[in-house]
Amino acid sequence: MFVENAFTMRRTEVAMSIIRTLLAVAALLGGCAAASAQTKVLIYSDQSAGSLMMSSANRHSEIMSGSDVTFTTDAEQMPALIDGDNWGQILIFARWTAEEPAYVQNLRQFACRKPRAMVLMQLWHDDGRTISPRVCVSASVAWVMWTNNFTLVTYSDATDKGPGERDGKRSFEDQVWPTWEYIIPRRPVGIILLPPEAVEQRETFDLHDWMVSLTECKSGCVRTSSKDEQGCAEYRSQDLANCAALHAGDPEKLAACTAKYEEHYQNCLRLAIDRYRDCIALCSSTPQAEQTVGGGVTK
């Protein structure tokens, strides 16, 4: 009973752990609506603290939908990429700056050439804070959509102090780079402590793949433990069959043999539990930004 309860607790613990990680990954995938299959999609990310999550989410969402995705983290390549193909969508994930990046002019020209195509930009605001490269943050965001010679800007998670009831929405003719006039951004909040490779290899770091790897590690522990448990059961079955064959005419010896191998079986299960617990301990959990000073966000 003790061993059965231990394994029940183990499975519950693993299930909850995997669910939590999968929910985090599912949240990542809750980005922009995916383009139709075979749509050519260009995605740019500056890999900044407020862009990692949404750029990774949308990149994988588009790939899963069957879109033909080109992903870049190189701002200097953007003008040539924008002008070099017949894109159905261009998605930009970056920290907002008062001055337009150089590639924005190419975006305008693209939007003029293809008014029905969509340019969507997620521009997060750092509120003038210093943010550690080790954290991923949630922050106020200007969502900017250019389509049909029209601009729609929606400010999310921010306070709109503009005249009238504007609710963080602005619309303009032509293609407009957003300002934050009358919009008060909030202080960014660190939500995930990133691994060292996110700093060392920023251009190629993929938050989605990293989070999935955390789930895979724990899933591997479950698979290994299940094999160990199955092996214990197979040995027990053979051992008890041997006892029956050897001591069929002697109930006392049969009982002693059976008790001996039942004890071996219980020890085998306990060993499997210990190995599982060590395996889980060696797996990385999703580190929290609170482990850094100020949650990774300072003045």
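A single hydrophobic cluster is seen to contain both Val69 and Leu91, as judged by linkage of ILVMFWY side chains at heavy-atom distances under 4.5 Å, directly or through other members. There is a path of hydrophobic side-chain contacts, each under 4.5 Å, that joins Met118 to Ile63. No chain of hydrophobic side-chain contacts below 4.5 Å, direct or via other Ile, Leu, Val, Met, Phe, Trp or Tyr residues, connects Ile92 to Met54. The cluster map of Ile, Leu, Val, Met, Phe, Trp and Tyr, joined by side-chain heavy atoms under 4.5 Å apart, puts Leu107 and Trp87 in the same cluster. Tyr155 and Leu152 are not part of a single hydrophobic cluster, where members link through side-chain heavy atoms under 4.5 Å apart.
If you run side chain to side chain donor-acceptor pair (under 3.5 Å) between Asn86 and each of Lys114, Lys40, Arg113, only Lys114 comes through.
With values rounded to the nearest 0.5 angstrom, Arg270 atom CZ is found 10.0 Å from Asp274 atom CG.
Considering only residues two or more places apart in sequence or on other chains, Ser138 meets the side-chain contact (heavy atoms from CB on, under 4.5 Å) condition with Arg186, Val189, Ile191. Residues passing the disulfide (SG to SG under 2.5 Å) test with Cys279 are Cys221, sequence neighbours excluded.
Of the possible donor and acceptor atoms, none in the side chain of Lys161 sits under 3.5 Å from a partner among the backbone N and O of Ile184. No side-chain donor-acceptor contact under 3.5 Å links Asp126 to the backbone of Arg95. The closest donor-acceptor contact from the side chain of Ser61 to the backbone of Asn58 lies at 3.5 Å or more, if one exists at all. Judged by distance alone, with hydrogens and angles left aside, the side-chain atoms of Asp167 form no donor-acceptor pair with the main-chain N or O of Lys169 at under 3.5 Å. Between the side chain of Arg202 and the main chain of Pro133, a donor-acceptor pair closer than 3.5 Å is present. No side-chain donor-acceptor contact under 3.5 Å links Arg275 to the backbone of Asp228. Ser237 places no side-chain N or O within donor-acceptor distance of the main-chain N or O of Ala233, the cut-off being under 3.5 Å. Put simply, the side chain of Ser56 never gets that close to the backbone of Met53: no donor and acceptor are under 3.5 Å apart. Using a distance-only test at 3.5 Å, with no hydrogens or angles considered, no donor-acceptor pair links the side chain of Ser132 to the main chain of Gly296.
The shortest distance between side-chain heavy atoms of Met145 and Thr151 does not fall below 4.5 Å. Looking only at side-chain heavy atoms (C-beta outward), Leu42 and Met78 come within less than 4.5 Å of each other. Taking 4.5 Å as the limit, every side-chain heavy atom of Leu246 sits out of range of all side-chain heavy atoms of Cys257.
Classified by interplanar angle (parallel below 30°, tilted 30° to 60°, perpendicular above 60°), the ring pair Trp210/Phe205 is tilted. Between His208 and His60, the two ring planes are parallel [angle under 30°; tilted spans 30° to 60°].
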Does the pair Val135 and Leu193 meet the rule for a side-chain contact (heavy atoms from CB on, under 4.5 Å), with working shown? CA-CA 5 Å; Val135 300; Leu193 182 63; 4.3 Å; yes

Is there a side-chain hydrogen bond (donor to acceptor under 3.5 Å, both in side chains) between Asn242 and Gln238? Walk through the geometry before answering. CA-CA 6 Å; Asn242 292 342; Gln238 184 60 55; 3.0 Å; yes

Apply side-chain contact (heavy atoms from CB on, under 4.5 Å) to residues Cys232 and Glu229 and explain how you reach the verdict. CA-CA 5 Å; Cys232 293; Glu229 181 183 1; 5.6 Å; no

Hey, mind stepping through Glu203 and Gln47 against side-chain contact (heavy atoms from CB on, under 4.5 Å) and telling me if it holds? CA-CA 7 Å; Glu203 289 78 12; Gln47 298 294 81; 5.7 Å; no

Please walk me through it: do Val199 and Leu194 pass side-chain contact (heavy atoms from CB on, under 4.5 Å)? CA-CA 8 Å; Val199 179; Leu194 301 170; 6.0 Å; no

Passes salt bridge (Lys or Arg N to Asp or Glu O under 4.0 Å), Arg129 versus Asp127? Steps please. CA-CA 5 Å; Arg129 308 287 178 167; Asp127 191 35; 3.2 Å; yes

Atom pairs and distances, side-chain donor-acceptor, residues 170-178, under 3.5 Å, sequence neighbours left out:
{"unit_1": "Arg170", "atom_1": "NH1", "unit_2": "Asp160", "atom_2": "OD2", "d": "3.0"}
{"unit_1": "Arg170", "atom_1": "NH2", "unit_2": "Asp160", "atom_2": "OD1", "d": "3.0"}
{"unit_1": "Trp177", "atom_1": "NE1", "unit_2": "Thr97", "atom_2": "O", "d": "3.1"}

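Counting all heavy atoms, side chain and backbone alike, Pro185 lies closest to Ser140 at CA-OG, 3.4 Å. When all heavy atoms of Trp124 and Ala49 are compared, the closest pair comes out as CZ2-N, 3.9 Å. The two residues Thr147 and Ala117 have their closest heavy-atom pair at OG1-O, 3.4 Å. Among all heavy-atom pairs drawn from Gln89 and Thr39, the shortest one is N-CG2, 4.4 Å. A pairwise comparison of heavy atoms in Ala142 and Val153 identifies CB-CG1, 4.4 Å as the closest pair. Residues Asn149 and Ala111 approach most closely at OD1-O, 4.3 Å, considering heavy atoms.
Two rings, from Phe110 and Trp146, have their centers 6.0 Å or more apart.
Side chains of Gln266 and Glu262: a donor-acceptor N/O pair is absent below 3.5 angstrom, by distance only. In the model, Asp74 has no side-chain atom that pairs as donor or acceptor with a side-chain atom of Thr72 under 3.5 Å.
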